[in-house]
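The block underneath contains the structure these notes are about, expressed in structure tokens.
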Amino acid sequence: GAGVSQSPRYKVAKRGQDVALRCDPISGHVSLFWYQQALGQGPEFLTYFQNEAQLDKSGLPSDRFFAERPEGSVSTLKIQRTQQEDSAVYLCASSHLDPGETQYFGPGTRLLVL
Amino acid sequence: DQQVKQNSPSLSVQEGRISILNCDYTNSMFDYFLWYKKYPAEGPTFLISISSIKDKNEDGRFTVFLNKSAKHLSLHIVPSQPGDSAVYFCANTLQGAQKLVFGQGTRLTINP
């Protein structure tokens with residue numbers, strides 16, 4: 001069956017450029033998460049959606065990061081005026097609603113800011 | 001403030017032997033504990049979990065142990081197989097929340 005897909009898989013951006021990362025969750029999954037994984041570290045939470053509502057954005061590192069899920073399915077993570085420290089793998093995960101439900105991860109988008 | 005710690009960045013085990021991966025946490029409000037496995041260029045894949053009301057959960061070759069008094073979680077893989085070579089992350093969730101808090105990961109290598 002179709003899992004979580006993310007695009008692009010790789011993105012190289014010049015410092016100061018805006019980027020948009022896309023996540024297609026598993027059909028029917030209410031919850032959607034974005035995580036950032038720096039090299040050699042575990043994933044770190046960025047933001048959480050329940051359907052189209054962004055219920056938690058406590059992990060977004062700055063106001064340059066913006067996420068949306070306007071129709072409660074596909075989500076986009078946008079990073080404005082990228083900086084070198086934004087270089088990381090950005091992971092999207094989806095799950096059913098109940099706490100404790102397994103989160104299914106996409107393959108990630110590897111962002112390199114030069 | 002690292003709430004979840006995996007102090008061993010790497011572990012090498014001979015095929016057929018037991019692999020033991022460890023994880024320590026500081027927040028007593030964590031109520032659900034999970035292990036994820038990650039291959040290169042792929043997202044993490046759920047492996048096994050345990051709720052805070054239990055101290056052991058077993059699924060085939062994988063067993064997770066939870067010691068709440070020590071705030072310690074471990075994953076046992078027996079027997080270890082070459083396909084188990086991957087990075088393993090422990091992750092916890094806080095009561096009432098769904099977001100995962102991950103450790104730094106342990107790279108497990110199974111040697112033939």
Side-chain angles (χ1 to χ4, degrees), chain A residues 2-10 21 23-26 29-51 53-60 67 88-111, chain B residues 1-10 21-25 27 29-54 57 59 62 64 66 73 86-107:
Chain A
V4 178
S5 60
Q6 293 185 245
S7 61
R9 292 293 311 275
Y10 303 92
L21 312 180
C23 172
D24 285 82
I26 293 173
H29 277 185
V30 169
S31 298
L32 185 145
F33 305 81
W34 283 98
Y35 294 86
Q36 180 191 58
Q37 184 178 14
L39 190 63
Q41 300 296 316
E44 291 193 2
F45 170 79
L46 293 176
T47 187
Y48 164 59
F49 289 87
Q50 186 179 116
N51 293 307
Q54 189 175 20
L55 299 186
D56 187 348
K57 52 182 182 179
S58 61
L60 295 177
V89 175
Y90 290 86
L91 294 162
C92 175
S94 71
S95 73
H96 292 297
L97 180 59
D98 295 333
E101 287 285 344
T102 298
Q103 292 186 24
Y104 295 88
F105 282 81
T109 294
R110 182 176 295 277
L111 173 65
Chain B
D1 177 26
Q2 190 72 32
Q3 295 190 70
V4 181
K5 291 184 179 181
Q6 294 177 255
N7 291 316
S8 298
S10 63
L21 298 107
N22 294 300
C23 178
D24 296 298
Y25 61 95
N27 194 332
M29 298 297 287
F30 285 135
D31 66 346
Y32 211 67
F33 304 84
L34 309 92
W35 285 95
Y36 276 80
K37 175 179 178 180
K38 186 180 184 303
Y39 292 119
E42 295 183 11
T45 302
F46 171 75
L47 195 55
I48 192 169
S49 64
I50 188 169
S51 74
S52 59
I53 62 174
K54 296 185 176 181
N57 187 27
D59 183 3
F62 303 92
V64 57
L66 176 62
L73 183 72
V87 178
Y88 289 77
F89 292 98
C90 66
N92 305 345
T93 61
L94 290 166
Q95 290 176 3
Q98 283 194 289
K99 65 183 181 184
L100 295 171
V101 181
F102 284 88
Q104 308 96 311
T106 296
R107 180 177 300 279

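Just so it is clear: chains get the letters A, B, ... in the order the sequence lines come, proteins before strands, and each one is counted from 1.
- At a 4.5 Å heavy-atom cutoff, the contact between B/Y36 and chain A is made by side-chain atoms alone.
- Side-chain atoms of A/Y35 come within 3.5 Å of backbone N or O of B/L100 as a donor-acceptor pair.
- Closest heavy-atom contact between B/G43 and A/L91: CA-CD2, 4.2 Å.
- In this structure, chain B has no heavy atom under 4.5 Å from any part of A/T109.
- For the side chain to side chain contact (heavy atoms under 4.5 Å, CB included) test, residues two or more places apart in sequence or in another chain that qualify with B/N57 are B/I48, B/I50, B/V64.
- Using a 4.5 Å cut-off between heavy atoms, A/R9 contacts chain B through its side chain alone, with no backbone atom that close.
- Your options are B/Q6, B/E42, B/K38, B/K99, and the one with the most heavy-atom pairs under 4.5 Å with chain A is B/K99.
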Side-chain donor-acceptor pairs of residues 38-50 of chain A under 3.5 Å, sequence neighbours excluded:
unit_1	atom_1	unit_2	atom_2	d
A/T47	OG1	A/Q54	NE2	2.7
A/T47	OG1	A/D56	O	2.8
A/Y48	OH	A/S31	OG	3.1
A/Y48	OH	A/Q50	NE2	3.4
A/Y48	OH	B/Q98	OE1	2.6

